[in-house]
Protein chains: 2
Amino acid sequence: MNMDHTMFENLLAHIKRYISLSDEEEKKLLPYLTYKELKKKEHVLKEGKVCTANHFIIKGCLRMYSLTENGTEQIVQFGIENWWITDYMSLDTQKPGQFSIQAIEPSAIVILHKNTQDELFRKIPKLERYFRLVLQRAYAASVMRVKYIFTESGEERFRQFTNSFPEFVQRVPQYMLASYLGFTPEFLSKIRAKKN
Amino acid sequence: MNMDHTMFENLLAHIKRYISLSDEEEKKLLPYLTYKELKKKEHVLKEGKVCTANHFIIKGCLRMYSLTENGTEQIVQFGIENWWITDYMSLDTQKPGQFSIQAIEPSAIVILHKNTQDELFRKIPKLERYFRLVLQRAYAASVMRVKYIFTESGEERFRQFTNSFPEFVQRVPQYMLASYLGFTPEFLSKIRAKKN
DNA sequence: TGCATTTCTTGAACAAGTTCAAGTTTTTTC
DNA sequence: GAAAAAACTTGAACTTGTTCAAGAAATGCA
């Protein structure tokens, strides 16, 4: 059993920012994790399927999106390195979901399968705490997001997003950024043309 | 020590929907809970203050809102019986927050203070799991909400909300409902006038 | 019960953002 | 390296929702 676990280092480091993890616990955890590399555009989850796992991004960038009635794609979430991305509605209900999760660039993820998650959490109860804290932050950010959507113009939100997450603006196609911010690519072009 | 704990029954029942709780654990939990009745319009939290607790609604209806630059109120969340309502951004960062939490009608809540929460969770680790599951659902619903905000018209969102939560529509002033749905009371009046 | 306050409604003028269409630029593919 | 595909830009016409203002209706309070 000579296994290289360097691919899990980022996840372990992330976990240790929230909880302490002994060597023993680390050893127990690793067999529950699966490493997977993704090609650009490869789907981790397709709309209409049941989401069966949590995904931690080791490298690259993913998006969670759904198809709208008029045939466009609505992106609700991006994920980059050291972030989790999961359709929690489908994961929770174990019903077919409304979202797809796709790699925007060549990526690598660590997968934690739902069907073994409870067993793992019984062995390492502290992970319940880790995920509680992660979800608490995600939820808090999501509520802030709703506030900004309602109270600030598209342009203001674009400017703020650019200031807060400059790495995204380089890395993600503009039309995807527009989708994530809730407006059309044409409008984003107009906003950007105003920059002078 | 002859204390009546019937005011906590709803919370205990809610917890037991997610985790099992022994009599022993119940006894350990109760001293960490505070019951509080609220007058209509009474604030639990004011914008600019640090949120120091989680709030479980036993009776009544609360709203979480912030003041906008132009002096209006933006409601991001309602809470009714058996729901938690908390400014998780401020609770997490322990910094002054952007939200106020206020009772819309005479209400009653159970308070779980942050400064004793970790001690409680060490005594009853299962509560980490309870809160993880609660937050997971809240976050999943919030992501769905963002999707609907972006992909459906204000009118569509109003009609869906009315169908999903008819009790709210009776109970909450129309202008608050409009705020929560992200449009003006004038527009809501126009939508409703179309109902024939 | 009467007055004050709050909530709801209405209509016209306005604006942020969309739709449609097409041209330009960049990236990808072979 | 050329062609195809994808992404970006632009402008005009359009639409969903806002602002402003004021009146009507409902609720709260003494």
Side-chain angles (χ1 to χ4, degrees), chain A residues 39-42 60-61 63 65 67-75 78 102-106 146-162 168-196, chain B residues 38-42 60-61 63 65 67-75 78 102-107 146-162 168-196:
Chain A
K39 296 188 176 95
K40 183 176 180 180
K41 296 196 174 184
E42 184 174 350
C61 183
R63 67 169 177 155
Y65 71 96
L67 294 180
T68 65
E69 290 182 343
N70 55 16
T72 59
E73 295 169 342
Q74 178 56 58
I75 296 171
F78 285 121
Q102 181 189 46
I104 292 176
E105 61 189 44
V146 170
K147 182 206 167 200
Y148 291 134
I149 291 167
F150 285 158
T151 59
E152 306 200 359
S153 67
E155 181 168 347
E156 281 164 339
R157 285 184 293 110
F158 166 70
R159 305 229 180 269
Q160 277 182 22
F161 189 84
T162 300
F168 263 114
V169 181
Q170 322 299 336
R171 198 167 180 178
V172 168
Q174 298 299 291
Y175 78 94
M176 284 193 188
L177 181 55
S179 176
Y180 175 78
L181 291 171
F183 42 76
T184 63
E186 288 94 338
F187 188 59
L188 181 55
S189 283
K190 280 156 185 158
I191 291 169
R192 287 157 52 90
K194 277 187 186 172
K195 236 176 152 170
N196 36 32
Chain B
L38 305 173
K39 294 189 177 94
K40 183 178 180 177
K41 297 198 173 181
E42 183 175 348
C61 184
R63 66 170 177 155
Y65 70 97
L67 294 180
T68 66
E69 289 183 344
N70 55 17
T72 59
E73 295 171 341
Q74 179 56 57
I75 296 172
F78 287 120
Q102 180 189 48
I104 293 177
E105 62 191 43
S107 304
V146 170
K147 181 205 167 201
Y148 292 134
I149 290 168
F150 284 158
T151 59
E152 306 199 0
S153 67
E155 180 169 346
E156 280 164 339
R157 285 186 291 109
F158 166 69
R159 302 226 183 272
Q160 275 182 24
F161 189 83
T162 301
F168 264 113
V169 182
Q170 323 299 339
R171 201 167 175 175
V172 169
Q174 297 299 289
Y175 77 96
M176 285 195 188
L177 182 54
S179 176
Y180 175 78
L181 292 172
F183 43 74
T184 62
E186 288 94 339
F187 188 60
L188 182 56
S189 283
K190 278 156 186 159
I191 292 169
R192 287 156 51 85
K194 275 188 186 172
K195 237 180 155 173
N196 37 32

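The model shown is predicted, which means the values in this text are computed figures rather than measured ones. Letters A, B, ... are given to chains in the order of the sequence lines, protein chains preceding strands, and every chain is numbered from 1.
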Undergrad: Any residue in residues 68-75 of chain B with a heavy atom nearer than 4.0 angstrom to DNA chain D? Just list them by number, or reply none.
TA: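 Nucleic-acid contacts, sorted: none.
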Undergrad: Mind calculating the distance between CZ (Phe150(B)) and P (dG17(D)) to the nearest angstrom?
TA: 14 Å
Undergrad: CZ of Arg192(A) versus P of dC8(D): gap in Å, rounded?
TA: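 Value for this atom pair: 8 Å.
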Undergrad: Could you run down the sub-3.5 Å N/O contacts of the protein with nucleotides 24-28 of chain D?
TA:
{"residue": "dG28(D)", "atom": "OP1", "partner": "Lys40(B)", "partner atom": "NZ", "Å": "3.4"}

Undergrad: Mind listing the residues from residues 173-189 of chain A sitting with a heavy atom below 4.0 Å of DNA chain C? Number order is fine.
TA: Gly182(A), Phe183(A), Thr184(A), Glu186(A), Phe187(A)
Undergrad: Please give the angle, rounded to 10 degrees, between the axes at the start and the end of the helix from dT1(C)-dA30(D) to dC30(C)-dG1(D), where five pairs define each axis.
TA: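 The end-segment axes of the helix from dT1(C)-dA30(D) to dC30(C)-dG1(D) are tilted 60° relative to each other.
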Undergrad: With a 3.5 Å cut-off and sequence neighbours excluded, list the donor-acceptor pairs that the side chains of residues 176-186 of chain A form with protein atoms.
TA:
{"residue": "Ser179(A)", "atom": "OG", "partner": "Glu73(A)", "partner atom": "O", "Å": "3.0"}
{"residue": "Ser179(A)", "atom": "OG", "partner": "Ile75(A)", "partner atom": "N", "Å": "2.9"}
{"residue": "Thr184(A)", "atom": "OG1", "partner": "Phe187(A)", "partner atom": "N", "Å": "3.2"}

Undergrad: What residues form a side chain to side chain contact (heavy atoms under 4.5 Å, CB included) with Glu152(B), not counting sequence neighbours?
TA: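 Only Tyr148(B), Glu156(B), Arg157(B), Gln160(B) meet the side chain to side chain contact (heavy atoms under 4.5 Å, CB included) criterion with Glu152(B).
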Undergrad: Considering residues at least two apart in sequence or located in another chain, which fulfil the side-chain hydrogen bond (donor to acceptor under 3.5 Å, both in side chains) criterion with Tyr175(A)?
TA: none
Undergrad: Check whether any side-chain heavy atom of Gln174(A) sits under 4.5 Å from a side-chain heavy atom of Val169(A), and report yes or no.
TA: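 They are in contact (side-chain heavy atoms under 4.5 Å apart), so the answer is yes.
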Undergrad: Would you check if the side chain of Gln102(B) reaches a backbone N or O of Arg63(B) as a donor-acceptor pair within less than 3.5 Å?
TA: no
Undergrad: What is the distance, rounded to the nearest whole Å, between atom NZ of Lys41(A) and atom P of dA6(D)?
TA: 6 Å
Undergrad: Please identify each residue that fulfils side chain to side chain contact (heavy atoms under 4.5 Å, CB included) with Thr68(A), with sequence neighbours left out.
TA: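 Once residues adjacent in sequence are excluded, the partners of Thr68(A) under the side chain to side chain contact (heavy atoms under 4.5 Å, CB included) criterion are Asn70(A), Thr72(A), Gln74(A), Thr151(B).
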Undergrad: Identify the 5'-most and 3'-most nucleotides of DNA chain C with at least one atom closer than 4.0 Å to a non-hydrogen atom of chain B.
TA: dT7(C) to dA12(C)
Undergrad: CD of Glu42(A) to CD1 of Ile104(A): how many Å apart, nearest 0.5 Å?
TA: 14.0 Å
Undergrad: Of the non-hydrogen atoms in Ser107(B) and Cys61(B), which two are nearest, and what is the gap between them?
TA: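 Scanning both residues, the minimum pair turns out to be OG-N, 3.3 Å.
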Undergrad: According to salt bridge (charged side-chain N to carboxylate O under 4.0 Å, His left out), does anything in residues 170-185 of chain A pair up with another residue at least two apart or in another chain? List the pairs.
TA: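 Sorted pair list: Glu81(A)-Arg171(A), Glu105(A)-Arg171(A).
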